[in-house]
S.K.: 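What follows is a structure written as structure tokens; I'll ask about it next.
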Amino acid sequence: MNKYVIALLCTAICASFSNMSVAESLRCKTKLAQVGDTKAEVLDKCGDPVMTDNFCQPVAATTQPQGIQNGNNNVQNNIAIATCENIDIWTYNPGKGKFMTHLYFARGQLQSIRYGDRVK
């Protein structure tokens, strides 16, 4: 019984590792776009995307003093400033029966790859 449990666990672990590597790459003909690639490298490997989009992802909120200090050096009327990071999304259509692929770039580098609906 223990042999079967161990074999099942090993199979599950191997399957999870194989899924991780697939989720972090996009095959473009004979080349592979991977997390960490620059936009130029992805363009060279995969060509132009079928669609591009972008959004500003909140990063942090900082507080800046905007007011008069009172007697014990406490600043009144603080203003919270939210900063964000520009995220570019490139969408590739790998072909009929495969999944639409969305590449997320930040600071010019590929950060993650996500899959959408299957192409009909």
Side-chain angles (χ1 to χ4, degrees):
M1 181 79 169
N2 284 339
K3 289 181 187 180
Y4 297 113
V5 172
I6 292 171
L8 183 61
L9 286 173
C10 288
T11 303
I13 290 170
C14 290
S16 68
F17 283 128
S18 67
N19 285 341
M20 279 193 259
S21 64
V22 170
E24 296 299 319
S25 63
L26 169 64
R27 180 161 303 282
C28 301
K29 296 182 182 175
T30 61
K31 298 179 181 177
L32 198 63
Q34 302 178 67
V35 169
D37 285 353
T38 64
K39 287 182 178 182
E41 290 170 328
V42 173
L43 280 173
D44 181 54
K45 294 174 182 180
C46 300
D48 292 327
V50 294
M51 186 177 83
T52 62
D53 197 3
N54 63 28
F55 67 95
C56 196
Q57 180 177 6
V59 176
T62 60
T63 304
Q64 283 192 340
Q66 299 288 326
I68 302 170
Q69 292 184 344
N70 62 18
N72 58 5
N73 287 331
N74 289 333
V75 178
Q76 298 174 346
N77 301 325
N78 290 335
I79 296 176
I81 299 173
T83 58
C84 63
E85 180 175 39
N86 190 43
I87 305 294
D88 293 313
I89 306 167
W90 291 5
T91 301
Y92 284 91
N93 180 346
K96 186 176 179 180
K98 297 181 180 174
F99 295 97
M100 292 295 281
T101 309
H102 310 284
L103 280 59
Y104 289 76
F105 291 89
R107 299 171 307 283
Q109 282 193 312
L110 182 56
Q111 300 296 314
S112 67
I113 299 172
R114 299 180 190 157
Y115 298 98
D117 294 334
R118 192 178 294 271
V119 179
K120 294 180 183 181

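Quick note: numbers below take in every heavy atom, side chains included, and nothing from hydrogens, waters or symmetry partners.
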S.K.: Under a 3.5 Å distance rule, please check whether Y115 uses its side chain to pair with a backbone N or O of K98 as donor and acceptor.
M.R.: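 Not a single qualifying donor-acceptor pair exists.
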S.K.: Mind checking the NZ-OG1 spacing from K45 to T30? Nearest 0.5 Å is all I need.
M.R.: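 Taking NZ in K45 and OG1 in T30, the distance rounds to 10.5 Å.
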S.K.: Looking only at heavy atoms, which two atoms of N86 and F55 are closest? And how far apart?
M.R.: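 N86 and F55 have their closest heavy atoms at OD1-O, 3.4 Å.
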S.K.: Do the non-hydrogen side-chain atoms of L43 and D48 ever get within less than 4.5 Å of each other?
M.R.: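 Heavy-atom side-chain distance check passes, below 4.5 Å.
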S.K.: Taking C-beta and beyond as the side chain, do L26 and C46 meet within less than 4.5 Å on heavy atoms?
M.R.: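 Yes, close enough: below the 4.5 Å cut-off.
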S.K.: I need the minimum non-hydrogen distance between T101 and F99, along with the two atoms involved.
M.R.: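 In this case the closest contact between T101 and F99 is OG1-O, 3.1 Å.
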S.K.: Could you tell me which non-hydrogen atom of V42 sits nearest to which non-hydrogen atom of D37, and how far apart they are?
M.R.: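 The pair with the smallest heavy-atom distance is CG2-CB, 3.9 Å.
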S.K.: Out of curiosity, C28 SG to Y92 OH, how far, rounded to the nearest 0.5 Å?
M.R.: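 Reported value, rounded in 0.5 Å steps: 6.5 Å.
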S.K.: At what distance, to the nearest 0.5 angstrom, does CZ of F105 lie from CD of Q111?
M.R.: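 One finds 9.5 Å between CZ of F105 and CD of Q111.
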S.K.: Give me the atom names and distance for the closest heavy-atom approach of I87 to A106.
M.R.: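 Shortest heavy-atom contact: CD1-CB, 3.7 Å.
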S.K.: Among the clusters formed by ILVMFWY side chains lying less than 4.5 Å apart, do V50 and I89 turn up in the same one?
M.R.: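 As far as the 4.5 Å side-chain criterion goes, I89 and V50 are not connected within one cluster.
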S.K.: Which pair of heavy atoms, one from M100 and one from P94, lies closest together, and at what distance?
M.R.: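 Closest approach of M100 to P94: CA-CD, 4.1 Å.
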S.K.: Tell me the salt bridge (Lys or Arg N to Asp or Glu O under 4.0 Å) pairs involving residues 86-97, sequence neighbours left out?
M.R.: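 Salt bridge (Lys or Arg N to Asp or Glu O under 4.0 Å) check on residues 86-97 returns K39-D88.
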S.K.: To the nearest 0.5 angstrom, please state how far the CG atom of L110 sits from the CD atom of E41.
M.R.: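 Between atom CG of L110 and atom CD of E41 there are 10.0 Å.
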S.K.: So which heavy atom on S25 is nearest to which on Q34, and how close?
M.R.: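 So the minimum-distance heavy-atom pair works out to CB-CG, 4.2 Å.
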S.K.: Would you give the length of the straight line joining atom CG of N93 to atom CE of M51, rounded to the nearest 0.5 angstrom?
M.R.: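 Answer for the CG-CE pair, N93 versus M51, is 11.0 Å.
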S.K.: Can you confirm whether D44 sits close enough to K31 that some side-chain heavy atom of one is under 4.5 Å from a side-chain heavy atom of the other?
M.R.: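 A side-chain contact under 4.5 Å exists here.
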S.K.: Measuring from S112:OG to E24:CD, what's the distance to the nearest 0.5 Å?
M.R.: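 These two atoms lie 6.5 Å from each other.
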